[in-house]
Amino acid sequence: VIIDFILNGEDVSVNVKAIERMSAVLHDILGLTSVKSGCLSGNCGSCLVLQNGKLVNACLLPAFKARKSEIVTLEGFKETQEYQDILSGFTKAGVVTCGFCYAGKVLSAETVLERATDGDAGIISEGLSGCACRCTELSTLIRGVESAIERRRERKYGAER
Amino acid sequence: MKKDKGEPQFIQDFLKPDLVHALYLRSGIASGSVKSIIAPPMPRDYFLILPADIPGDRHIAVFDSSVPILASESISYPGEPIALVCGPDPVRLKDILSEIKVEYAEEWPLFSFESFSSDQIIHKKLVVSGDPESVFSEGRRVIERTYRCGSQEHFYPEPQGAFVEFDYDKLSVHSSTQWPFHVRVCVAKALAIKEEDVVVHSVPSGAHLDGKLWYPSLIAVHAALVATASRRPARILLTRMEDFFYSPKRSRSAISLKAALGEDGSIEALDAQIVIDMGAYAPLAEEFLDRLCASATGPYRCANARIQGYAVRTNTVPLGAFAGFGLSMLFFALESLVSEIVDSLEADQVEWRSAHLLRKGDRLSSGQTVHAPPPFAELSDTVMSQSDYRRKAASYDLLRKRGITRREGPLRGIGLSFAFQGNGLLCSSEDRETYAVECELDKALMLTIRTSAVVTNPGTHSLWAEIASKNLDIPKGSVKIISGSTDSVPNSGPSTLSRNVTVVSSLIEKCVESIQKKRFRDPLPISVRKSLKMPRSASGGAEGFPFSSLSFGAAVVEVEISGDVLEPEVTGIWLAIDGGDIISLQRASDAIENGAMTALSWASRERLEIANGQVPAYVYSGYTIPGTRDMHPVTASFLPSGTKGKPRGIGELPYHLVPAAYARAVSQATGITVDAVPIDIDKIIREVGQP
């Protein structure tokens, strides 16, 4: 079937099986290599993307459910100021990843930044819980998000807030 | 649309229009042989690869073992690859796979490792020091117990896989491996081509935890067979589920310890029987036994010891290394026994340990003398004060004695442990190979280090740059590290946690020292290659000096059981580490904290059940690794740098320390004797009542 959707700000149309996993569509067909296929069961977070602003596991998203929606992958998100906030926070905290689930961590962090503007620890740990990974030291990751929150706040409201 | 323009990073990123995929036809039996394979007519461009299609060696050599590339005449575990089904469309491959019929000649499988037959023994070792028999015959007080450790899934980021294509006259192999040169030799031998005609490129492995030591070589050989048969690019990539069920896991163990106590409560003699389940093929069996037998008396003085080690083969998926070679299982057992000894003596856990921990001049069970004084006193003081151990341990003992129940208040416990990490070469025969590092200082005073070592912790690169910078008096930014493909770097051997920090660092140091000596005498650029060959006589095995250096650590873990939640909640983990000079405290802390979480998870929740030679299907969906919701406060401290000498490996220490301290804490909180990890939650329920 033909699936039309908006991908990273551009109209996209692909001819795929309706039940094809969007992780495969994005990675294998459209070449967006930030979207990885990991567990294929929504547990590891390697395939996380934003669909209509919400974090979704692309491996559990059948292609037909992407129709008419807006999807943002790390490739698109990297072009934004919001990404710079997260990159800055991660760098400051010393977050290290092998890269496999980097997109999942960044996009999860972005949804956390939207909700935990005051650095609520519960929201941060809950928001990052969709990434199962033994590479990244978890408390460093949390510090990275806290630092990104700080940076976002400064950028949006100035340092005096 | 924005796309990453860079090179493919991971195996799944290698996408080519003419890519050939391969799926495994896996054995449906645990032991036996294939009588026949009946496949449907193959569509155009689809084909099978059988053992007879392998042009060269039909086995890969791994350490002292030999693993069949495709099993046929002798199947050793359920799910073992017996053929490859290849073609351009993975969905169609699945359909073809489902239509293939295999007829087997089944043999009686061997699943038990604790009660094993003599033909299951892959390696055995007996190490005797002093005269344990006499001590045991003297009628001393004896404490004994058997401790069991379960398996664990590595859960590295990308499942095992390989991509192979022709690059002019070479075969280009992309592999997520800890040992690129092993991949090269295996591929060359299987295809009966020259090693120089195979170029292996390392793909990031993330936190491999020693799960990508040798198995990637097998997958790469399979992908190379597909590429050469089709003359097209080929990729094999296991699904996470396939990887979970069929790739190597952590070994299981049963360690029986029997200690005869002296009048002062010391361990006068130790009798240890160590049985390790290595699953099928047991590629690391000798390495495991060498290390275990060399360390069996742990960080404690014991003049009389009899250590028997057995590495046992079972018809189980291959089992082996997990963040080291088995010492975490030994230290769990030994420290748990020590806690029981101290309880039986009604002594103080800290005082007893302080009195009996190794000192300068003492010997390990291998006979290796401890030359530098182990800093156990400093380590102990650090974790004791940070955790407030003494007060808490005394209070929790009193609470326990007063019979406080879970309904009356939280049950609390705190445990401590000490351990060392044996650094340096793997002792087995593979290390008699020559491993090398090359360094070149150019006219712009840029130093290039070339090594095949695969690094997962960026702190290791920082360490190497620091060594070069100090010796050559150049900025760290002027050090470039190349660890690319096998045609551009020397073979630096297998990359394990401690090896990169110790062996490779030492070779780099020798290179830059040599360059420093030459640089004001010879014109730049100056290139130096230093290699290290383990002479046969120096490879001590379980006797002699298997470790080039030792790192030391201490840990305290505190738990609480309250309300309706019977799973002990960890309220604090404190670790003190002596790993010599620490170049980056942040990276070292990250490594220790991460290791502590994984080690705790092994001891508490990651129950990787193995039944009839495989992980049962239901385990997959319930198996989780720690995430941000499961975090526990971890405090890692390091003895001051600069006074303790060269950097030593520290990455294995959390695995050696945390399980025993956690087990002791649970034991104090509940009154149960913890003799197995992961801890049996049913045992806790029986002891402290239903939720």
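In what follows, chains are A, B, ... by sequence order, proteins preceding strands, each numbered from 1.
With a 4.5 angstrom heavy-atom cutoff, B/Met241 does not touch chain A via any of its atoms. Looking at B/Val91, only its side chain comes within 4.5 Å of chain A, counting heavy atoms on both sides. In this structure, chain A has no heavy atom under 4.5 Å from any part of B/Pro633. Contacts of B/Phe244 with chain A are absent, with no heavy-atom separation under 4.5 Å from either backbone or side chain. Of the atoms belonging to B/Tyr623, it is side-chain heavy atoms, and not backbone ones, that fall under 4.5 Å from chain A.
For a heavy-atom cut-off of 4.5 Å, chain B lies close to A/Gly38, A/Cys39, A/Ser41 in residues 38-63 of chain A.
No side-chain donor from either of A/Thr33 and B/Asp13 sits under 3.5 Å from a side-chain acceptor of the other.
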Walk me through whether A/Leu138 and B/Glu593 qualify under side-chain contact (heavy atoms from CB on, under 4.5 Å). CA-CA 9 Å; A/Leu138 297 174; B/Glu593 290 177 29; over 6 Å; no
Go through the steps to decide whether B/Glu606 and A/Arg134 satisfy the test salt bridge (Lys or Arg N to Asp or Glu O under 4.0 Å), and finish with yes or no. CA-CA 13 Å; B/Glu606 286 187 45; A/Arg134 293 211 208 257; 2.7 Å; yes
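Note that the CD1 atom of B/Ile625 and the SG atom of A/Cys133 stand 6.5 Å from one another [nearest 0.5 Å].
The one candidate from A/Val145, A/Thr136, A/Leu128 that meets the side-chain contact (heavy atoms from CB on, under 4.5 Å) condition with B/Thr628 is A/Leu128.
Closest approach of A/Glu137 and B/Asp590 over heavy atoms only: CG-O, 3.2 Å. Annotation for B/Gly206 and A/Cys135: closest pair CA-SG, 3.5 Å, computed over non-hydrogen atoms.
Around NZ of A/Lys92, the count of heavy atoms belonging to other residues, nucleotides or ligands within 6.0 Å does not exceed 12. Within a 6.0 Å radius of CD in A/Gln84, more than 12 heavy atoms belonging to other residues, nucleotides or ligands are found. Counting non-hydrogen atoms of neighbouring residues, nucleotides and ligands closer than 6.0 angstrom, the CD1 atom of A/Ile2 exceeds 12 such neighbours.
Residue pairs satisfying the ring pair (Phe, Tyr, Trp, His ring centres under 6.0 Å) criterion with at least one member in residues 95-144 of chain A, sequence neighbours excluded, are listed as follows: A/Phe100-B/Phe10.
Distance alone, capped at 3.5 Å, places no donor-acceptor pair between the A/Asp28 side chain and the B/Leu15 backbone. Between the side chain of B/Arg629 and the main chain of A/Gly127, no donor-acceptor pair closer than 3.5 Å is present. Judged purely by atom type and a 3.5 angstrom limit, B/Gln12 uses its side chain to pair as donor or acceptor with the backbone of A/Ser37.
In terms of non-hydrogen atom pairs under 4.5 Å with chain B, the most contact-rich of A/Gly9, A/Cys101, A/Ser139, A/Gly130 is A/Ser139.
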